[in-house]
Amino acid sequence: MLYRPIFGIVVVLVFSAYFIPQKIRYFNSQTISLPPDKTQAYIVDFKDSIGIDTLFQVKSKEGYPISYYRNIKTSVCFDNKCRLLDIVLYWNITGRYLGFELPEKEFLSKTEHEPFVPDEYKRLNEILADSMSALRTLSYNALVPRYNAKTAHADGITSPSAPDVLEYIVKGAAYTTYIMWHFVYGTTQNEVENRTGKELSAPLLLKILESPNLTDKIWALNHSRNYLNQSPELQIKLFEVVDNKDYNLAERAINSVNLKETASDNLQILLVGKFAKGNYALKKLILSKLKEAPQLHNQTKEDLAHQLKSLNGELLGNVLDIFKKHDVNDAETCRMVAELLENDNSFISQKAYAFLKNIKIQDEVIENKLVKYKSGRDLNRN
């Protein structure tokens, strides 16, 4: 087991982006804000320009992984001119870019090996934090104009860049920007996610869901499916992110629920609780999930039945389809459906009638309402 000096990591991981003479560090928000306690080293074949290298995993005293880092030492060369890139790149435990630091007195350079100024380090940090950057699909040749030996006086690290790609790079440092971005979003990111995945637990997912970063939340939701049955706390936390403000986040949360493999009624109750407060799109998504359940729990059935009058035609039809699938035929629920026979909206009343006429139930109230509805419909036809 290898250990990195604890003090240096505390300074690195706790503070936001900043510039210190002699040692340069720029960092973004951390997924889990816990002090580091120890560092584990893993030898990995990254299959990139460096190949077999060491990935360091930083853990808290509670045993949670809290960050990863890699010491990048590689030559950046173009037209037979090279300079060593010596930098430490950091990742959050979800694979999200965390930050970078340079060894003491080390610096990044641009045109004519001119050192970066603080604003350029800040700009580089912003570029590296953009996982959707066009750098993913752009080739290096698209970033730097074709080299001309008669007129060029700078190497590939520092060559002037094409005007239409300047927004994706630090001006005068195209190759440095390009190679660092691809290190951040290359095989190391996959390795980080895989390492965290091997140590996942319900408590760790709870910690990740507390992150203010949307990407972290989505990552946790995508990995929660196999842990929900183990932790009521995780179930509650998951549903805290389900609201009308962010449909994509709500969709990830709801789809992480696996009703097919659980007999617990808690997940169904939580779903119906969100159904009552959700907008149309959210209600439709929740009903689609409830339809996957192998059985409908009594509380779920009752809660849905009490909301029938407030639903429009399509959502009402979806609820009745769920009742039909689960052979709901108790008198109390069917009486609530029968009340819809008096609805002025013919689509709603017809849906209620179609459901009730196939239910074998002897209930005087329901039978009278069915007779009244059928008589009124026959009268209107005449």
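All values derive from a computational prediction rather than experimental measurement.
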Quick check: do [X] and [Y] have side-chain heavy atoms less than 4.5 Å from each other?
{"X": "I127", "Y": "L135", "result": "yes"}
{"X": "E62", "Y": "K207", "result": "no"}
{"X": "L315", "Y": "L287", "result": "yes"}
{"X": "V184", "Y": "T188", "result": "no"}
{"X": "K372", "Y": "L341", "result": "no"}
{"X": "K369", "Y": "L356", "result": "no"}
{"X": "L221", "Y": "L249", "result": "yes"}
{"X": "N258", "Y": "L267", "result": "no"}

_The test is side-chain contact (heavy atoms from CB on, under 4.5 Å); show your working for L234 and L209 and say whether it passes._
CA-CA 9 Å; L234 181 59; L209 283 170; 3.8 Å; yes
Is the backbone of [Y] close enough, under 3.5 Å, to the side chain of [X] for a donor and an acceptor to pair up by distance?
{"X": "K291", "Y": "I322", "answer": "no"}
{"X": "N92", "Y": "T31", "answer": "yes"}
{"X": "T196", "Y": "T94", "answer": "no"}
{"X": "R252", "Y": "N222", "answer": "no"}
{"X": "Y185", "Y": "L128", "answer": "yes"}
{"X": "E101", "Y": "V88", "answer": "no"}
{"X": "R225", "Y": "N255", "answer": "yes"}
{"X": "K351", "Y": "L320", "answer": "no"}
{"X": "S288", "Y": "K284", "answer": "no"}
{"X": "Q189", "Y": "G95", "answer": "yes"}

*For N318 and E314, test the side chains for any donor-to-acceptor distance below 3.5 angstrom and give the result as yes or no.*
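N318 vs E314: no donor-acceptor pair found between side chains.
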*Are side-chain N/O atoms of D130 and Y97 paired as donor and acceptor at under 3.5 Å?*
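Absent: no donor and acceptor within the cut-off.
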Considering all heavy atoms of both residues, which atom of [X] and which atom of [Y] are nearest to each other, and what is their separation?
{"X": "Q362", "Y": "E367", "answer": "CA-OE2, 3.8 Å"}
{"X": "A250", "Y": "L282", "answer": "CB-CD1, 3.6 Å"}
{"X": "A41", "Y": "T54", "answer": "CB-CG2, 3.8 Å"}
{"X": "A352", "Y": "V337", "answer": "CB-O, 3.6 Å"}
{"X": "E106", "Y": "L84", "answer": "OE2-O, 4.3 Å"}
{"X": "F107", "Y": "P115", "answer": "CD1-CB, 3.8 Å"}

*Would L316 and F347 show up in the same hydrophobic cluster when neighbours are defined by side-chain heavy atoms closer than 4.5 Å?*
no
Over 60° means perpendicular and under 30° means parallel, so tell me whether [X] and [Y] are parallel, tilted or perpendicular.
{"X": "H182", "Y": "Y178", "result": "tilted"}
{"X": "Y26", "Y": "Y121", "result": "parallel"}
{"X": "F56", "Y": "Y69", "result": "parallel"}

_If the test is side chain to side chain contact (heavy atoms under 4.5 Å, CB included), which one of L98, I208, V192 qualifies with I93?_
I208
*State which residue, out of L108, T177, T176, fulfils the side chain to side chain contact (heavy atoms under 4.5 Å, CB included) condition with V170.*
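It is T177, the one option of L108, T177, T176 that forms the side chain to side chain contact (heavy atoms under 4.5 Å, CB included) with V170.
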*Honestly, is R70 close enough over F183, meaning NZ or CZ under 6.0 Å from the six-membered ring centre and within 45° of the axis?*
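Judged by the rule (NZ or CZ under 6.0 Å from the ring centre, within 45° of its axis), R70 is not positioned above F183.
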*Taking atom NZ of K289 as the centre, report whether more than 12 heavy atoms of other residues, nucleotides or ligands fall under 6.0 Å from it.*
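It does: K289 NZ has more than 12 such atoms within range.
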*Hey, is NZ on K309 packed in by over 12 heavy atoms from elsewhere, all under 6.0 Å?*
no
Note: [X]-[Y] ion pair, threshold 4.0 Å (strictly below):
{"X": "K171", "Y": "E120", "result": "no"}
{"X": "D246", "Y": "K217", "result": "no"}
{"X": "R335", "Y": "E339", "result": "no"}
{"X": "E126", "Y": "R123", "result": "yes"}

*asked:* Run F100 and L124 through side-chain contact (heavy atoms from CB on, under 4.5 Å) and show every step you take.
replied: CA-CA 10 Å; F100 67 83; L124 177 63; 4.1 Å; yes
